[in-house]
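Right, one structure below, let's go through it.
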Amino acid sequence: MEENNEKAEIYSQRVRAGKRTYFFDVKSTRSNDYYVTITESKRKFNEDNFSYEKHKIFLYKEDFVKFMDALQGTIDHVKSELLTEEALAALEAPVAETVETAEAAPSFDNDLKWE
């Protein structure tokens, strides 16, 4: 069973965002079809222990374009209609720094898997 899980995962990318981490994983089905899972993972503390609360979205290849269009349209609306120029500048500055840091530093956590 583990061998099938290793074969099924093709690509993984992690985005850390404060207390949350997002995982974007490309997986394949038995019939070599591809889909994306988007997982939000949030660390929860309970007394002396912690656990992870996870939410997952399955995105199938036939919906990629519709999903990207809707996501981009939503982000564009927030940027152009809801945020002030100052708020937009504050949001975009850390993103640029994070991308530069991620490109400069090697990632050793690509083998993390969330099921």
Side-chain angles (χ1 to χ4, degrees):
M1 194 88 155
E2 288 179 16
E3 188 176 63
N4 285 343
N5 283 342
E6 287 179 23
K7 265 184 157 177
E9 189 165 308
I10 308 296
Y11 174 84
S12 185
Q13 186 170 353
R14 181 186 62 201
V15 176
R16 291 188 182 186
K19 294 181 180 182
R20 292 178 168 82
T21 303
Y22 299 97
F23 295 90
F24 295 83
D25 301 310
V26 177
K27 298 186 179 189
S28 67
T29 64
R30 289 183 206 153
S31 61
N32 288 328
D33 235 353
Y34 301 103
Y35 64 97
V36 172
T37 61
I38 303 169
T39 306
E40 174 200 42
S41 178
K42 184 176 180 184
R43 190 178 231 183
K44 295 282 189 173
F45 292 95
N46 307 348
E47 296 176 18
D48 294 335
N49 297 337
F50 67 89
S51 62
Y52 291 96
E53 180 180 293
K54 292 177 255 178
H55 301 96
K56 188 174 281 202
I57 296 171
F58 290 81
L59 181 60
Y60 299 96
K61 68 180 183 186
E62 59 269 18
D63 299 323
F64 286 178
V65 172
K66 290 184 267 185
F67 186 89
M68 288 187 324
D69 288 347
L71 180 58
Q72 189 62 58
T74 303
I75 291 169
D76 290 346
H77 177 77
V78 171
K79 285 181 170 182
S80 65
E81 301 295 326
L82 303 176
L83 295 180
T84 63
E85 288 184 26
E86 295 80 18
L88 183 58
L91 285 176
E92 289 179 343
V95 170
E97 292 170 9
T98 302
V99 170
E100 291 172 10
T101 304
E103 289 173 355
S107 174
F108 298 104
D109 297 65
N110 288 336
D111 58 344
L112 290 177
K113 293 181 177 59
W114 300 94
E115 296 294 339

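Taken from CZ in Phe67 to CD in Gln72, the straight-line distance is 11.5 Å, to the nearest 0.5 Å. With values rounded to the nearest 0.5 angstrom, Phe64 atom CZ is found 11.0 Å from Tyr34 atom OH. Atom CD in Glu40 sits 9.5 Å away from atom OG1 in Thr21 (nearest 0.5 Å). Remark: Tyr52 OH to Arg43 CZ distance equals 4.0 Å, nearest 0.5 Å. Rounded to the nearest 0.5 Å, atoms NZ (Lys19) and CD (Glu53) are 12.5 Å apart. Atoms CZ and CD1, on Phe24 and Ile57 in that order, are 9.0 Å from each other to the nearest 0.5 Å.
Put simply, Ile10 and Val15 are part of the same group of oily side chains (I, L, V, M, F, W, Y) that touch within less than 4.5 Å, one to the next. Under a hydrophobic clustering in which Ile, Leu, Val, Met, Phe, Trp and Tyr are joined whenever their side-chain heavy atoms come within less than 4.5 Å, directly or via other members, Tyr22 and Leu71 fall into the same cluster. In the hydrophobic cluster analysis, where Ile, Leu, Val, Met, Phe, Trp and Tyr join through side-chain heavy atoms closer than 4.5 angstrom, Ile38 is grouped together with Ile75. In terms of hydrophobic clustering, with Ile, Leu, Val, Met, Phe, Trp and Tyr side chains grouped at heavy-atom distances under 4.5 Å, Val65 and Leu59 are assigned to different clusters.
Donor-acceptor pairing under 3.5 Å is lacking for the side chains of Thr39 and Ser41.
Taking all atoms of both residues into account, the shortest heavy-atom contact from Glu62 to Lys66 is O-CE, 4.0 Å. Contact detail for Lys27 and Thr37: the closest heavy-atom pair is CE-OG1, 4.0 Å.
Ring-plane geometry between Tyr60 and Phe58 is classed as parallel, the angle between the planes falling under 30 degrees on a 0 to 90 degree scale with a further cut at 60.
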Distance-only donor-acceptor pairs under 3.5 Å for side chains of residues 77-90, two or more places apart:
unit_1 : atom_1 : unit_2 : atom_2 : d
Lys79  : NZ     : Glu92  : OE2    : 3.3
Ser80  : OG     : Asp76  : O      : 2.9
Thr84  : OG1    : Ala87  : N      : 3.1

